[in-house]
Amino acid sequence: MISPQILSTRTKFLLWMIIFIIMLPVLFFPLGVDQIFFLQGGQVIAQGGNIYADYVDTKSPLIYYLFAGVYSIVGESEIGVRGFELLWQFITIVFLHVFIRRYTQNDILAFTIVISYCLLYFITGYTQSLEGETIAAPFILVVLFQHLKQKKTSYEYFLRGILIAVIFGCKYTLGVQILALIVFDIFSNRLPLKLLLRSYLISIIGFIFGVLLLCIPFLQSEIFEGYKEVWKFTMAYANIPQFGMGLIQYILKLTATFIADRVSFSILIFSFIGVWIIFNTSGQIDENETKVKRLIELCCIVLMFLLLSVFLERKCIYYHYSRLFIPLSILSGVGLTVSIQWIKKNWCILTLKGKSLCVSMLFILLLFSPILRWAKIAPLPYYYFINNDKYFDYVEVISVQGHSLLQSQNIKNYIQRTELKLNNGKNDFNFYNRIFVMGIHGNRMSKILNQTPIPKVNSSACYFGVGSPIAWKEAMWDEVKKAGWLVIENNDNGYIINGHNLTTWESVKNDTLLYTYLQSHFDSTTCIGEFNLYRRK
């Protein structure tokens, strides 16, 4: 069914232009909460600070050192960071196309899979598009297609282990990919037991070597001591929600909702079609179809383990599912390709009723596909250049979480006007520059408010969440005592982040010492949207 097929150079150029147009809106995404965490961590490193000591977050050091490089090149520019993301995803897309094209000799299949990946990339919303899962994507691809290679040397097994260590460094739970490879090799029965054990022994050595390289920053005592606090907090955070039947129901409900609403009906249907057709091919199949079958088998197993890793994290946040994009795009791309080939082959012998049914089904699948979600995002570049206020409003329409950027601008303008008024019109903002934003997503607001220097703790989950280390609470107190303004979130209750249902404002009021200090040293000025504003007396 999947036979070699070559497209003309002109057609390939046109398809690459379509892919570029599909991905272009990424360049105009504002930064979400996690992207700001990454950038601020990278900024601290680039400016001579130590991650986990001078700035705390729970991701692995690899992410922050990567963003230290990004910051060194583009600074704090949001469009610069998104430019890096666009480049990184084009690397992923090119890898995906080259691997599929070389493996199947089928240009149509390669472009179909790539376009499926591009459309899936937008389903999580702009606030969650640049995460460890999508940063790991090109490394996951290299591991998958190296694994499909018939004969591998010891060096390649060692390299596989290093690549899995890099994937692990992007997101710890993605390390389960090695289990998927083991299961695939056991069920495919391609390797004798002795060779199988030898190959994975070499890969494990490579993995250990890669992890040791990633641990080099921990040779600095400050980073190591800081990470011990991070690890304790991460262990408490990882146990939210607590295990039980309620958690299972929660995971199943959110997963079903995400798959049905975000992944879309069409991607699911074409994925099922791809698997069904490949595994129900009757008669003799050629070498190319055998290779596609192996690719589908590997993708199914990898998809299963990656989905399991989402369950292990318990949170089921939208971006956690972006680790599924590569196997899903391959499965759905195969399904769409073979479906179109079947229709073309049988079109002449179909009755009018059969043709009408095929056209109707394709229309329905188009209607319930990621194309419409992408179309909702597509006008973003237009608003970016034409109307800044509309741009701020529009990004909130296409977002899945986060505060209004326009609201943040209003808070910034209010503080500036207040300082000008109280300082008799003098443009001296030394006092106002020391703003401390207290909230789960405080770092996003703090970036817009140009909060300098970057606080060690930039999310209230670090000092009000379950398992918060004493050192982080002390760091919060240092920021409060130095602050000229406090901007406190009053609508951010998030159990899966904090381990409780209190908002940051409620947590402040519950802390008698902190609330007393607030009342005696600050004046309440106003409430804008979801934030209470306080100015030092």
Side-chain angles (χ1 to χ4, degrees), residues 1-24 26 84-121 133-153 155-157 159-160 162-164 166-167 170 174 177 180-181 184 270-271 274 278 286-300 302-303 306 322-338 341:
M1 187 68 73
I2 304 289
S3 56
Q5 193 161 357
I6 309 300
L7 295 174
S8 66
T9 302
R10 184 177 179 180
T11 302
K12 289 188 212 178
F13 177 78
L14 178 62
L15 288 170
W16 278 116
M17 288 301 298
I18 291 172
I19 290 168
F20 177 77
I21 291 171
I22 292 173
M23 294 300 295
L24 185 61
V26 168
F84 158 74
E85 178 183 7
L86 185 62
L87 175 62
W88 192 265
Q89 288 310 311
F90 260 106
I91 292 172
T92 304
I93 288 165
V94 169
F95 278 12
L96 183 57
H97 178 271
V98 169
F99 289 144
I100 295 292
R101 171 66 180 78
R102 287 184 178 180
Y103 190 70
T104 66
Q105 303 298 311
N106 190 305
D107 278 331
I108 294 177
L109 178 61
F111 278 109
T112 302
I113 289 173
V114 164
I115 292 173
S116 295
Y117 178 83
C118 292
L119 293 174
L120 281 170
Y121 193 78
E133 286 83 353
T134 50
I135 292 172
F139 304 110
I140 292 175
L141 273 171
V142 174
V143 170
L144 287 181
F145 286 95
Q146 186 214 45
H147 198 72
L148 290 169
K149 187 178 177 182
Q150 290 290 345
K151 294 181 179 180
K152 293 182 279 292
T153 63
Y155 167 77
E156 288 173 313
Y157 289 128
L159 178 62
R160 178 177 68 181
I162 293 177
L163 288 173
I164 293 174
V166 173
I167 294 167
C170 292
L174 294 180
Q177 184 168 349
L181 302 182
F184 174 75
F270 285 127
S271 296
I278 291 298
D286 60 27
E287 181 183 354
N288 209 57
E289 290 176 332
T290 301
K291 291 169 71 176
V292 173
K293 184 176 179 179
R294 290 187 61 241
L295 173 63
I296 294 296
E297 289 174 344
L298 180 58
C299 284
C300 287
V302 168
L303 182 67
L306 290 178
S322 60
R323 69 193 66 184
L324 310 178
F325 288 172
I326 288 173
L328 270 179
S329 63
I330 293 173
L331 294 175
S332 60
V334 171
L336 178 57
T337 302
V338 297
Q341 287 182 353

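Computation of the quantities below employed the complete heavy-atom set of this structure, encompassing side-chain atoms and omitting hydrogens, waters and symmetry-equivalent molecules. We number each residue from 1, following the sequence as shown.
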(message) Using every non-hydrogen atom in the two residues, find where Gly333 and Ile113 come nearest and quote the distance to one decimal.
(response) CA-CG1, 3.8 Å

(request) Looking only at non-hydrogen atoms, find the nearest pair between Thr112 and Ile108 and report the distance. (result) OG1-O, 2.7 Å

(request) Under the side chain to side chain contact (heavy atoms under 4.5 Å, CB included) rule, what do Ile19 and His97 come out as? Steps first, then yes or no, please. (result) CA-CA 11 Å; Ile19 290 168; His97 178 271; over 6 Å; no

(message) For a quick test of reading the model, state the closest non-hydrogen atom pair linking Val292 to Tyr103 and the distance between them.
(response) N-CE2, 4.3 Å

(request) Would you check if Met23 and Leu86 make a side-chain contact, meaning some heavy-atom pair closer than 4.5 Å? (result) yes

(message) Between Glu156 (side chain only) and Thr153 (backbone N and O only), is there a donor and an acceptor less than 3.5 Å apart?
(response) yes

(request) Test side chain to side chain contact (heavy atoms under 4.5 Å, CB included) on Glu133 and Phe325 and set out the steps. (result) CA-CA 9 Å; Glu133 286 83 353; Phe325 288 172; over 6 Å; no

(request) Please round to the nearest 0.5 Å and tell me the distance separating atom CZ of Arg323 and atom CG of Leu328. (result) 13.0 Å

(message) Does Leu7 form a side chain to side chain contact (heavy atoms under 4.5 Å, CB included) with Phe111? I'd like the steps, not just the answer.
(response) CA-CA 10 Å; Leu7 295 174; Phe111 278 109; 4.0 Å; yes

(request) With sequence neighbours excluded, tell me which residues meet side chain to side chain contact (heavy atoms under 4.5 Å, CB included) with Phe20. (result) Leu24, Phe90

(request) Keeping the roles fixed (side chain from Lys152, backbone from His147), state whether a donor-acceptor pair exists under 3.5 Å. (result) yes

(request) Please examine the side chains of Phe139 and Ile162, heavy atoms only from C-beta on, and report whether any two atoms are closer than 4.5 Å. (result) no

(request) Please name the pair of heavy atoms, one in Ile326 and one in Ala137, separated by the smallest distance, quoted to 0.1 Å. (result) CD1-O, 3.3 Å

(request) Report the C-alpha separation of Phe145 and Leu148 in whole Å, then their side-chain angles, then the decisive distance to 0.1 Å, and conclude whether the side chain to side chain contact (heavy atoms under 4.5 Å, CB included) test is met. (result) CA-CA 5 Å; Phe145 286 95; Leu148 290 169; 4.0 Å; yes

(request) Hey, could you give me each pair passing salt bridge (Lys or Arg N to Asp or Glu O under 4.0 Å) that has a residue in residues 103-120? Not counting sequence neighbours. (result) Lys12-Asp107, Arg101-Asp107

(request) Mind checking the CZ-CD spacing from Phe184 to Gln177? Nearest 0.5 Å is all I need. (result) 12.5 Å

(message) List the residues meeting side chain to side chain contact (heavy atoms under 4.5 Å, CB included) with Thr9, not counting sequence neighbours, and say none if there are none.
(response) none

(request) Could you tell me the separation between the CD1 atom of Ile167 and the CG atom of Leu174, rounded to the nearest 0.5 Å? (result) 7.5 Å

(request) Please report the shortest heavy-atom distance between Leu331 and Cys299, naming the atom on each side. (result) CD2-CB, 4.0 Å

(message) Distance check, rounded to the nearest 0.5 Å: Leu181 atom CG versus Leu298 atom CG?
(response) 6.5 Å

(message) Within this structure, what is the OH-CZ distance for the pair Tyr155 and Arg160, rounded to the nearest 0.5 Å?
(response) 14.0 Å

(request) Kindly indicate whether the side chain of Leu295, heavy atoms from C-beta on, has any atom under 4.5 Å from the side chain of Ile100. (result) yes

(request) Identify the heavy atoms of Ser332 and Phe270 that sit nearest to each other, and give their distance. (result) O-CB, 3.5 Å

(message) Once rounded to the nearest 0.5 Å, what's the spacing between atom CD1 of Ile330 and atom CG of Leu144?
(response) 6.5 Å

